[in-house]
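Since this is a predicted model, take the numbers as computed values, not measurements. Just the heavy atoms: all of them, side chains too, but no hydrogens, waters or symmetry mates, feed the values below.
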Amino acid sequence: MLGKTIGEVSSNVLSEWVVDGMLEKKASNVVVMDLRTVKHAVADFFVICNGNSNAQIDAISQSVEENVHKHSKQNPWKREGQQNKEWILLDYVNVVAHIFNKEKRVFYGLEELWGNAKITRVDPN
């Protein structure tokens with residue numbers, strides 16, 4: 001069913017918890033991509049941000065996991081990239097968090113790859 005995740009938490013709410021976890025650690029350029037109307041999309045939402053150092057990227061990742069778990073008792077279905085800290089991916093099935101360093105975010109350009117998605121830029125205030 002579109003918009004649902006494990007435990008019947010809506011993907012919209014889950015994406016908000018991911019954003020909150022990112023902002024808690026001062027993530028930069030937070031973007032929520034709504035992919036629900038994009039044909040062949042792999043998730044309902046991508047939530048993308050970048051950090052300014054390996055330590056911040058790691059802290060953002062931990063904060064997202066802690067915030068989602070606090071609200072839903074869910075852990076990511078899959079984690080990638082935690083060793084190199086260039087692009088950490090936390091996959092919650094219908095919501096995927098992408099935490100980049102600046103250079104890798106520009107290089108991969110997810111916002112451009114999924115150009116049909118509705119993109120919301122998050123104001124940290």
Side-chain angles (χ1 to χ4, degrees):
M1 175 184 277
L2 252 190
K4 296 292 179 189
T5 61
I6 301 167
E8 297 302 311
V9 174
S10 77
S11 55
N12 191 48
V13 170
L14 182 55
S15 69
E16 291 172 9
W17 294 337
V18 169
V19 167
D20 291 345
M22 290 175 171
L23 294 178
E24 178 70 25
K25 296 300 178 183
K26 310 275 191 254
S28 299
N29 303 315
V30 179
V31 169
V32 178
M33 297 178 65
D34 186 342
L35 302 167
R36 292 177 291 182
T37 60
V38 177
K39 192 173 182 177
H40 305 298
V42 296
D44 288 350
F45 292 93
F46 281 177
V47 185
I48 305 169
C49 73
N50 56 271
N52 296 313
S53 67
N54 287 354
Q56 186 187 23
I57 291 167
D58 197 41
I60 293 166
S61 171
Q62 289 176 11
S63 179
V64 167
E65 285 196 56
E66 289 169 4
N67 198 49
V68 170
H69 192 269
K70 175 179 78 173
H71 290 291
S72 69
K73 305 298 182 234
Q74 291 185 52
N75 292 314
W77 175 68
K78 190 162 195 158
R79 296 173 186 91
E80 297 288 336
Q82 291 180 305
Q83 269 62 28
N84 65 18
K85 312 273 190 285
E86 294 178 344
W87 177 4
I88 295 178
L89 182 142
L90 301 173
D91 187 345
Y92 290 96
V93 182
N94 288 333
V95 176
V96 181
H98 300 270
I99 305 154
F100 285 98
N101 71 21
K102 288 179 186 180
E103 294 78 24
K104 290 297 178 188
R105 183 170 182 177
V106 170
F107 179 79
Y108 286 104
L110 292 184
E111 291 96 328
E112 289 78 35
L113 284 176
W114 295 91
N116 294 340
K118 177 184 173 196
I119 297 175
T120 304
R121 301 196 184 282
V122 177
D123 182 1
N125 300 316

Exercise for the section: Is it possible for you to say whether Ile48 and Ile60 belong to one hydrophobic cluster, with membership spreading through side-chain heavy-atom contacts below 4.5 Å? Expected result: no
Practice task
For Gln56 and Asn52, indicate whether the former's side chain and the latter's backbone hold a donor-acceptor pair under 3.5 Å.
Solution key: yes
Practice task
Identify whether the distance between the nearest side-chain nitrogen and carboxylate oxygen of Arg79 and Asp91 falls below 4.0 Å.
Solution key: no
Problem - Sub-4.5 Å side-chain heavy-atom contact between Leu23 and Val122 - result: yes
Handout entry: Test side chain to side chain contact (heavy atoms under 4.5 Å, CB included) applied to Glu80 and Lys78, step by step
Key = CA-CA 7 Å; Glu80 297 288 336; Lys78 190 162 195 158; 2.8 Å; yes
Exercise for the section: Tell me, please, which residues at least two apart from Lys118 pass side chain to side chain donor-acceptor pair (under 3.5 Å). Expected result: none
Handout entry: Pairs flagged by ring-ring contact (aromatic ring centres under 6.0 Å, His included) wherever residues 41-67 is involved - sequence neighbours left out
Key = Phe46-His98, Phe46-Trp114
Practice task
Using the rule that two of Ile, Leu, Val, Met, Phe, Trp, Tyr join whenever any of their side-chain heavy atoms come within less than 4.5 Å, decide whether Ile57 and Val47 are in one cluster.
Solution key: yes
Exercise for the section: Indicate if Tyr108 and Ile88 have the same hydrophobic cluster label, given that clusters are the connected sets of ILVMFWY residues with side-chain heavy-atom separations under 4.5 angstrom. Expected result: no
Problem - side chain to side chain donor-acceptor pair (under 3.5 Å) involving Asn101 - partner list, sequence neighbours excluded - result: none
Practice task
Considering only NZ, NE, NH1 and NH2 on the basic side and carboxylate oxygens on the acidic side, decide whether Glu103 and Arg105 come within less than 4.0 Å.
Solution key: no
Handout entry: Distance under 6.0 Å and angle within 45° of ring axis: Lys104 vs Phe100
Key = no
Handout entry: Donor-acceptor under 3.5 Å (Ser15 side chain, Asn12 main chain)
Key = yes
